[in-house]
Peer 1: 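Please find one structure pasted underneath; my questions will follow.
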Amino acid sequence: MSDEEHHFESKADAGASKTYPQQAGTIRKNGYIVIKNRPCKVVEVSTSKTGKHGHAKCHFVGIDIFNGKKLEDIVPSSHNCDVPHVNRVDYQLIDISEDGFVSLLTENGNTKDDLRLPTDDNLLTQIKDGFGEGKDLVVSVMSAMGEEQFGLVRFLFSRTIDQLVHFYLVI
């Protein structure tokens with residue numbers, strides 16, 4: 001053995017897969033599936049039996065969870081399909097920068113600064129208006145297959161000191 005140090009530059013993640021296999025016949029409506037390399041929410045499933053020696057086929061209709069496009073696929077029910085690992089995490093909105101990035105507070109107190117404002121006009125208006133009015137906002141961020149996007153926005157319930165004092169005096 002040599003006394004030299006070996007340095008390896010890794011460009012991969014920790015080996016966690018972005019998808020997992022699941023038999024096509026077990027995937028149901030409101031589940032998730034990968035269609036044309038896009039993570040989709042299943043909105044319709046139909047199974048058809050084919051001829052004497054054929055396989056039953058599953059017809060999936062899904063909506064891409066990030067861009068809303070409708071995608072379809074037909075797979076033999078006994079074959080495996082890729083199912084994305086879909087996560088939803090809630091963060092508190094701290095700041096909106098001028099270049100369109102948001103600063104989010106994670107559950108453990110760190111900040112997440114790598115997410116842009118959503119492109120959806122309704123969601124964008126909710127976030128900008130709520131933040132501009134000084135409301136505490138909680139945003140849900142959905143992630144799958146290496147992509148992240150805002151899901152929904154909620155306002156934290158906040159009361160003024162006077163309201164809290166009045167509430168306790170009434171009780």
Peer 1: So I127 and I96, side-chain contact (heavy atoms from CB on, under 4.5 Å) or not? Walk me through it.
Peer 2: CA-CA 9 Å; I127 292 171; I96 300 174; 3.9 Å; yes
Peer 1: If we only count heavy atoms from C-beta on, is the T111 to T106 side-chain gap below 4.5 Å?
Peer 2: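 With C-beta onward as the side chain, the pair stays apart.
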Peer 1: Is a side-chain donor-acceptor pair under 3.5 Å present for H59 with E72?
Peer 2: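 Side chains of E72 and H59: pair found under 3.5 Å.
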Peer 1: As an exercise, state the distance from NE2 of H79 to SG of C58, rounded to the nearest 0.5 Å.
Peer 2: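 Between atom NE2 of H79 and atom SG of C58 there are 11.0 Å.
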Peer 1: Out of L105, V138, V102, V141, which residue meets the side chain to side chain contact (heavy atoms under 4.5 Å, CB included) rule with Y91?
Peer 2: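 One option only clears the test, and that one is V141.
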Peer 1: For the backbone of F66 and the side chain of Q149, can you confirm whether one donor and one acceptor N or O come within less than 3.5 Å of each other?
Peer 2: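 Indeed, once roles are kept as given, a pair shorter than 3.5 Å links the two residues.
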Peer 1: Report yes if the side chains of D114 and F101 come closer than 4.5 Å at any heavy-atom pair, otherwise no.
Peer 2: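 Heavy-atom side-chain distance check fails, nothing below 4.5 Å.
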Peer 1: A side-chain contact here means heavy atoms from C-beta on lying under 4.5 Å apart; do V139 and L104 qualify?
Peer 2: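 A side-chain contact exists here, since the closest heavy-atom pair is under 4.5 Å.
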Peer 1: Going from CG on L137 to CD1 on I94, what distance comes out if it is rounded to the nearest 0.5 angstrom?
Peer 2: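 Output value for this atom pair is 12.0 Å.
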Peer 1: Using the rule salt bridge (Lys or Arg N to Asp or Glu O under 4.0 Å), only one of K36, R38, K41, K69 pairs with D64; which is it?
Peer 2: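 Only match with D64 under salt bridge (Lys or Arg N to Asp or Glu O under 4.0 Å): R38.
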Peer 1: To the nearest 0.5 Å, what is the distance between CD (E98) and CG (D95)?
Peer 2: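 Reported value, rounded in 0.5 Å steps: 9.5 Å.
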Peer 1: For residues Y20 and I35: do they belong to one hydrophobic cluster (side chain heavy atoms under 4.5 Å, members Ile, Leu, Val, Met, Phe, Trp, Tyr)?
Peer 2: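 The answer is yes; both residues are in one hydrophobic cluster.
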Peer 1: Count I, L, V, M, F, W, Y as connected when their side-chain heavy atoms are under 4.5 Å apart, and connections chain through other members. Are V34 and V42 then in the same cluster?
Peer 2: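 Result: no, two separate clusters.
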Peer 1: Can you name the closest pair of heavy atoms from V75 and C81 and give their distance?
Peer 2: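 Nearest heavy atoms, V75 then C81: CG1-SG, 3.8 Å.
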Peer 1: For the CG atom on N110, are there more than 12 heavy atoms of other groups (residues, nucleotides or ligands in this structure) within a distance under 6.0 Å?
Peer 2: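 Above 12, so yes.
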Peer 1: If you take all heavy atoms of G68 and I63, which pair is closest and at what distance?
Peer 2: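 Nearest heavy atoms, G68 then I63: O-CG2, 3.6 Å.
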Peer 1: Heavy atoms only: give me the nearest A144-V86 pair and the separation to one decimal.
Peer 2: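 Shortest heavy-atom separation between A144 and V86 comes out as CB-CG2, 4.0 Å.
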Peer 1: Show the numbers, then the answer: is there a salt bridge (charged side-chain N to carboxylate O under 4.0 Å, His left out) between E133 and K128?
Peer 2: CA-CA 9 Å; E133 294 170 9; K128 283 189 169 182; over 6 Å; no
Peer 1: Might you point out which heavy atoms bring S140 and R88 nearest each other, and give the distance in Å?
Peer 2: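 So the minimum-distance heavy-atom pair works out to OG-NE, 3.7 Å.
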Peer 1: Pick out which of I27, L71, I74 makes a side chain to side chain contact (heavy atoms under 4.5 Å, CB included) with F60.
Peer 2: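 Testing F60 for a side chain to side chain contact (heavy atoms under 4.5 Å, CB included) against I27, L71, I74 leaves exactly one candidate, I27.
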Peer 1: Which pair of heavy atoms, one from K29 and one from V45, lies closest together, and at what distance?
Peer 2: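 Looks like N-CG2, 4.0 Å.
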Peer 1: Is there side-chain contact between N87 and M142, with at least one heavy-atom pair below 4.5 Å?
Peer 2: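 N87 vs M142: side chains apart.
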Peer 1: Just so I know, are the side chains of H55 and S78 near enough to count as touching, which here means a heavy-atom distance under 4.5 Å?
Peer 2: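 Contact flag for H55/S78 side chains = yes.
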Peer 1: Does any non-hydrogen side-chain atom of I33 lie less than 4.5 Å from one of D82?
Peer 2: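 Not touching, per the 4.5 Å side-chain cut-off.
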Peer 1: Taking only Lys NZ, Arg NE, NH1 and NH2, and the carboxylate oxygens of Asp or Glu, determine whether K112 and E148 approach each other closer than 4.0 Å.
Peer 2: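 Salt bridge present between K112 and E148.
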Peer 1: To check you understand the geometry: which heavy-atom pair defines the closest contact between S17 and H85, and what is its length?
Peer 2: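 Answer, listing the atom of S17 first, then H85: O-CD2, 3.1 Å.
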Peer 1: Tell me whether I65 is reachable from F150 by hopping between hydrophobic residues (I, L, V, M, F, W, Y) whose side-chain heavy atoms are closer than 4.5 Å.
Peer 2: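 No, F150 and I65 fall in different hydrophobic clusters.
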Peer 1: Yes or no on salt bridge (charged side-chain N to carboxylate O under 4.0 Å, His left out) for R154 and D90, after CA distance, side-chain angles and deciding distance?
Peer 2: CA-CA 10 Å; R154 293 183 311 240; D90 291 340; 2.8 Å; yes
Peer 1: Are L123 and L117 connected in the hydrophobic side-chain network, where two residues link if heavy atoms are under 4.5 Å apart?
Peer 2: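 Shared cluster, yes.
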